[in-house]
Amino acid sequence: MDSIRRIAAINDLSGGCRCSLTAALPIISALGIQCCVLPTAILSNHTGFKSFFFDDYTDKMNKFSCEWQKMNLKFDCIYSGFLGSHKQIEEVLNFIDKFKTVSTKIVIDPVMGDNGEIYSTYSKEMCDDMKLLVSKADIVTPNITEACSLSDTKYSGETLPEEALFEMAEKISRLGAKNVIITGHRSKTMVANFVYSGGECKSFKTPVVPKYFSGTGDVFASVIASLTCLGYDVFKATEFAAKFVHKAASMSYCLGLDVNDGICFEKILGDLTDLKGKI
Ligand code: PXL
């Protein structure tokens with residue numbers, strides 16, 4: 001492996017907002033890691049807006065990986081996010097088969113839904129496919145809705161006792177995921193990210209920001225993938241990622257940004273470059 005760390009980021013490119021690859025690219029780069037992007041789709045903006053242009057890239061995904069094989073690209077981490085179809089999940093599984101080495105970390109952000117609702121693009125078959133993808137993961141980062149789907153638990157809101165989070169995380173780890181981070185668990189004043197690793201667990205809490213910005217999970221998972229690639233353990237990576245997301249969300253709230261714009265992490269990318277200096 002050469003001295004430049006490299007992440008394969010498999011996600012959509014949504015141009016006019018901050019989510020998926022428009023979050024992953026700057027964050028991964030700021031941490032001194034090369035980000036090789038494999039677009040699953042190209043959109044003008046994410047699907048939470050009233051109107052958007054969408055160009056599916058499923059049929060081109062394999063062409064990317066064939067070229068990357070010819071180039072003999074090696075990855076320290078394979079990181080996937082929003083996937084739009086059964087075929088796309090299959091493409092990610094094929095990609096892992098082709099490129100995973102003993103040292104490659106697999107980070108799966110199972111973007112499937114939010115606030116108790118599974119996205120309308122997600123069929124029952126895709127929810128089952130996602131379990132298969134999660135079984136390959138070193139780290140999986142579901143929110144509560146996604147954790148419920150992956151663990152076959154009935155959704156009962158965003159505020160849960162730690163025992164319930166532990167039970168869900170344990171079920172997800174039984175699928176094969178080595179570490180589980182259940183994100184965005186909320187009380188009135190605090191938001192917590194619950195980490196489960198081999199039976200050990202810990203919650204990392206930050207104050208609630210009154211607005212819920214889209215793409216926050218993508219920023220969080222991009223920081224986690226990068227820090228994992230740099231050798232951080234899952235607890236340290238989560239502690240840092242939670243603080244980074246909180247700082248960007250607070251700033252976005254103070255600036256009065258629209259929730260669809262996502263969190264303006266650009267102003268604090270320096271926190272990542274500073275951190276890189278300390279690694
Ligand atoms: O942030 C998750 C996400 C990523 N990509 C697209 C989305 C969404 C959430 O709505 O629409 C295209």
Side-chain angles (χ1 to χ4, degrees), residues 7-28 35 37-61 78-89 91-92 107-123 126-127 129-130 133-134 137 139-150 158 181-184 191 193 209 211-226 241-242 244-246 248-249 252 257-266:
I7 294 182
I10 309 175
N11 215 328
D12 65 86
L13 180 66
S14 292
C17 50
R18 300 174 182 89
C19 69
S20 31
L21 288 177
T22 44
L25 251 174
I27 287 170
I28 292 170
C35 179
V37 300
L38 200 174
T40 55
I42 299 187
L43 292 90
S44 53
N45 42 277
H46 67 67
T47 59
F49 286 83
K50 274 205 193 91
S51 168
F52 55 88
F53 165 74
F54 173 91
D55 192 16
D56 184 46
Y57 233 61
T58 311
D59 293 342
K60 285 129 193 157
M61 289 172 70
I78 298 169
Y79 160 43
S80 76
F82 186 86
L83 299 168
S85 62
H86 163 75
K87 181 83 173 70
Q88 284 194 354
I89 300 177
E91 288 293 347
V92 179
V107 177
I108 305 292
D109 185 13
V111 184
M112 301 158 79
D114 218 345
N115 286 316
E117 302 270 335
I118 294 292
Y119 296 136
S120 57
T121 51
Y122 252 81
S123 60
M126 284 172 75
C127 291
D129 294 339
M130 190 51 91
L133 188 52
V134 160
I139 300 189
V140 58
T141 58
N143 62 24
I144 304 267
T145 306
E146 293 152 354
C148 284
S149 169
L150 292 171
E158 299 290 310
I181 310 172
I182 302 182
T183 63
V191 57
N193 294 293
V209 174
K211 265 179 168 177
Y212 184 62
F213 292 94
S214 66
T216 306
D218 302 341
V219 172
F220 180 83
S222 298
V223 176
I224 293 288
S226 305
F244 183 80
V245 164
H246 174 257
S252 310
L257 295 194
D258 187 272
V259 287
N260 273 333
D261 291 338
I263 49 175
C264 61
F265 55 79
E266 295 87 353

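Position 1 is the first residue of the sequence, and the numbers go up from there. Each ligand, and each atom within it, is numbered from 1 in the order the structure gives.
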Practice problem: Might you list the protein residues in contact with ligand 1, defined as having a heavy atom under 4.0 Å from one of its atoms, sorted by chain and number? | Solution: Asp12, Ser14, Cys19, Ser20, Leu43, His46, Thr47, Phe82, Val111, Tyr119, Gly215, Asp218

Quiz item: Do Ile144 and Cys148 have side chains that get closer than 4.5 Å, going by heavy atoms?
Solution: yes

Exercise. Decide side-chain contact (heavy atoms from CB on, under 4.5 Å) for Tyr119 and Val111; before the verdict, give the C-alpha distance in whole Å, the side-chain angles of both, and the deciding distance to 0.1 Å.
Key: CA-CA 9 Å; Tyr119 296 136; Val111 184; 3.8 Å; yes

Self-check item: Side-chain H-bond candidate by donor/acceptor type, Asp114 with Tyr212, under 3.5 Å
Solution: yes

Quiz item: Does Thr22 use its side chain to pair, donor to acceptor, with the backbone of Gly15 at less than 3.5 Å?
Solution: no

Quiz item: Please walk me through it: do Val219 and Arg18 pass side-chain contact (heavy atoms from CB on, under 4.5 Å)?
Solution: CA-CA 9 Å; Val219 172; Arg18 300 174 182 89; 5.9 Å; no

Quiz prompt | Any donor-acceptor N or O pair under 3.5 Å, side chains Tyr79, Ser222 | solution = yes

